[in-house]
Number of protein chains: 2
Amino acid sequence: MPKPMREPTFWTLTALAGGPQHGYGVMREVSRLSGGQVTLLAGTLYTALDRLHAEGLVEVDREEVVDGRTRRYYRLSVCGTAALASESERLQRNAQTARQQLYGRSAPTFEPGGSPA
Amino acid sequence: MPKPMREPTFWTLTALAGGPQHGYGVMREVSRLSGGQVTLLAGTLYTALDRLHAEGLVEVDREEVVDGRTRRYYRLSVCGTAALASESERLQRNAQTARQQLYGRSAPTFEPGGSPA
DNA sequence: GACCTATATTCAGATCATCTTTATATTGGC
DNA sequence: GCCAATATAAAGATGATCTGAATATAGGTC
């Protein structure tokens with residue numbers, strides 16, 4: 001079982017799951033996907049991208065130069081896709097377990113047959 | 001928006017959501033709840049319990065002495081309960097977002113009206 | 001008797017992703 | 001001229017977790 005991901009790592013992979021993106025594009029995409037709740041910091045993002053590349057979870061897709069600024073596009077690798085899928089299932093189970101502990105052992109995602117009251 | 005919880009913190013609160021427990025009891029409960037997938041380390045757990053107590057997310061319920069060993073029972077505070085509820089909803093949304101990015105924009109928790117195929 | 005496991009808690013030091021801040025460079029609005 | 005958005009990089013601080021060890025009792029086993 002791989003170590004749980006931290007938030008910026010999770011969101012970076014989630015953004016890239018929608019297709020190749022460059023660093024700044026990932027930042028905008030994460031903001032959009034989270035409804036403005038999550039803002040990736042530049043320092044965190046580029047560090048994470050370097051690390052994820054070294055770990056083989058993301059690959060360099062291509063590089064473009066627009067207006068003198070270099071854009072380096074990344075995409076999810078097969079490993080990265082699998083890691084994100086596995087992580088999202090883990091999050092789902094964790095959320096479910098917490099809800100069961102909080103609200104009683106009879107409330108999955110939504111009540112399968114009306115509330116037990 | 002509070003900072004996302006780390007795994008041991010989340011599991012500690014989740015275990016206590018089932019009722020008051022002492023440190024070692026939390027460790028056993030987390031192992032049980034996670035189907036043996038998560039093992040809280042003693043150092044991590046007791047440090048987390050101290051921190052959560054200082055933050056007001058858990059309260060000391062009572063202390064018992066059994067066989068010369070002291071058991072300090074903790075329980076979730078109102079704040080702790082709210083924090084765990086909020087965190088579990090956040091995890092749920094994160095998992096959902098990742099799944100939508102991975103599998104397309106048409107697969108929520110379970111298909112609300114049959115699979116789109 | 002020596003050893004290991006389970007129970008129960010504590011503490012010191014290392015690790016490492018994230019956070020903070022700063023730097024660099026271009027374009028466009030006010 | 002100044003500020004914001006775009007685009008990346010890098011150095012130093014923070015802090016929860018991990019690692020490993022210490023302490024103590026009870027029970028099982030070789």
Side-chain angles (χ1 to χ4, degrees), chain A residues 1-16 20-32 34 36-55 57-58 60-74 83 87 94, chain B residues 1-16 20-32 34 36-55 57-58 60-74 83 87 94:
Chain A
M1 302 98 250
K3 293 181 185 83
M5 286 175 199
R6 303 269 237 116
E7 288 280 311
T9 298
F10 170 81
W11 282 109
T12 299
L13 296 184
T14 295
L16 290 176
Q21 272 292 351
H22 62 288
Y24 201 82
V26 168
M27 283 195 261
R28 274 195 270 97
E29 184 69 356
V30 167
S31 177
R32 190 184 70 79
S34 67
Q37 296 298 292
V38 179
T39 302
L40 250 45
L41 301 166
T44 304
L45 173 68
Y46 291 104
T47 306
L49 244 16
D50 284 346
R51 178 176 45 84
L52 292 169
H53 184 236
E55 290 170 352
L57 298 191
V58 305
V60 175
D61 190 68
R62 66 188 188 279
E63 291 193 18
E64 285 178 8
V65 177
V66 179
D67 290 330
R69 295 183 216 100
T70 301
R71 289 178 171 181
R72 184 153 43 253
Y73 282 77
Y74 291 92
E87 177 70 4
N94 284 9
Chain B
M1 300 99 250
K3 294 181 186 83
M5 286 176 199
R6 304 270 239 111
E7 288 280 310
T9 298
F10 169 81
W11 282 109
T12 299
L13 296 183
T14 295
L16 290 176
Q21 271 293 351
H22 62 290
Y24 200 82
V26 168
M27 283 194 264
R28 274 196 270 98
E29 184 70 355
V30 166
S31 177
R32 190 184 70 79
S34 67
Q37 298 296 294
V38 179
T39 301
L40 250 44
L41 300 167
T44 304
L45 173 68
Y46 291 104
T47 304
L49 244 17
D50 284 347
R51 177 175 46 84
L52 292 169
H53 185 236
E55 290 170 353
L57 299 191
V58 304
V60 175
D61 191 67
R62 65 189 190 278
E63 291 191 19
E64 286 178 6
V65 177
V66 179
D67 291 329
R69 297 183 217 101
T70 301
R71 290 177 171 181
R72 184 155 43 252
Y73 282 77
Y74 291 92
E87 177 70 3
N94 285 8

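Each chain gets a letter, A, B and so on, in the order the sequences are listed, and its residues count up from 1.
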Q: Go through it in stages, so that I can follow the logic: the residues are A:Val30 and A:Thr14, the test is side-chain contact (heavy atoms from CB on, under 4.5 Å), and I'd like the CA-CA distance, side-chain angles, deciding distance and then a yes or no.
A: CA-CA 8 Å; A:Val30 167; A:Thr14 295; over 6 Å; no
Q: Any idea which of C:dC19, D:dA9, D:dT17 is nearest the B:Thr44 side chain?
A: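 Closest nucleotide to the B:Thr44 side chain: D:dT17.
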Q: Just N and O in the side chain of B:Arg6: are any of them under 4.0 Å from OP1 or OP2 of D:dC18?
A: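 Result: no.
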Q: Quick one: B:Lys3 NZ to D:dT14 C1', roughly how many Å, whole number?
A: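 Rounding to the nearest Å, NZ of B:Lys3 and C1' of D:dT14 are 10 Å apart.
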Q: Specify the separation, in whole Å, of atom CD of B:Glu64 and atom P of C:dT7.
A: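 From B:Glu64 CD to C:dT7 P: 16 Å.
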Q: Whole Å only: how far is the CG atom of B:Asp50 from the P atom of C:dA12?
A: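 To the nearest whole Å, that distance equals 12 Å.
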Q: Taking atom C1' of C:dA8 as reference, at what distance in whole Å does atom CD of B:Gln21 sit?
A: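 Those two atoms, CD and C1', are 13 Å apart.
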Q: When the nearest nucleotide of DNA chain C is assigned to B:Gly25 and to A:Gly43 on a heavy-atom basis, which residue is associated with the more 5' position?
A: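 First, find each residue's nearest nucleotide; the 5'-ward one identifies B:Gly25.
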Q: Looking at CZ of B:Arg51 and CG of B:Leu57, how far apart are the two atoms once the value is rounded to the nearest 0.5 Å?
A: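 Here the interatomic distance stands at 8.5 Å.
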Q: Would you kindly give the CZ-to-C1' distance between B:Arg69 and C:dT9, to the nearest whole Å?
A: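 So the CZ-C1' distance, B:Arg69 to C:dT9, works out to 11 Å.
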Q: From CZ of A:Arg28 over to C1' of D:dA5, roughly how many Å is that when rounded to an integer?
A: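 The answer, rounded to whole Å, is 10 Å.
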Q: Please determine, for the side chain of B:Tyr46, which listed nucleotide (C:dT18, C:dT10, D:dC18) has the closest atom?
A: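 Nearest to the side-chain atoms of B:Tyr46, counting from C-beta on, is C:dT10.
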Q: Go through C:dT10, D:dT8, C:dA6 for me and flag the one nearest to the A:Ala42 side chain.
A: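 The nucleotide sitting nearest to the side chain is D:dT8.
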Q: Let me spell it out: for each of B:Pro8 and A:Met27, pick the nucleotide of DNA chain D with the closest heavy atom. Which residue's pick is nearer the 5' end?
A: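 Going by which nucleotide is closer to the 5' end, it is A:Met27.
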Q: Donor-acceptor pair, distance only, cut-off 3.5 Å: does the side chain of B:Thr44 make one with the backbone of B:Leu40?
A: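 Checked: no pair found.
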Q: What is the distance, to the nearest angstrom, from the NE2 atom on B:His22 to the P atom on C:dA6?
A: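 To the nearest whole Å, that distance equals 15 Å.
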Q: Passes side-chain contact (heavy atoms from CB on, under 4.5 Å), B:Leu45 versus B:Thr12? Steps please.
A: CA-CA 7 Å; B:Leu45 173 68; B:Thr12 299; 3.7 Å; yes
Q: Establish, with yes or no, whether the OP1 or OP2 oxygen of C:dT10 is under 4.0 angstrom from a side-chain nitrogen or oxygen of B:Arg72.
A: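 Answer is yes, contact under 4.0 Å.
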Q: Once you round it to whole Å, what is the distance between P of C:dC16 and CD of A:Glu7?
A: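 So the two atoms are 21 Å apart, to the nearest Å.
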Q: Parallel under 30°, tilted from 30 to 60°, perpendicular over 60°: which one fits the rings of A:His53 and A:Tyr74?
A: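 Taking A:Tyr74 first and then A:His53, their aromatic rings stand perpendicular (interplane angle over 60°).
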Q: NA contact type, A:Arg71, heavy-atom cut-off 4.0 Å: base, sugar-phosphate, or nothing?
A: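 Contact class for A:Arg71: sugar-phosphate only.
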Q: Using a 4.0 Å heavy-atom cut-off across all strands, classify A:Thr47 as base, sugar-phosphate, or nothing.
A: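 Base, at least one base atom sits under 4.0 Å.
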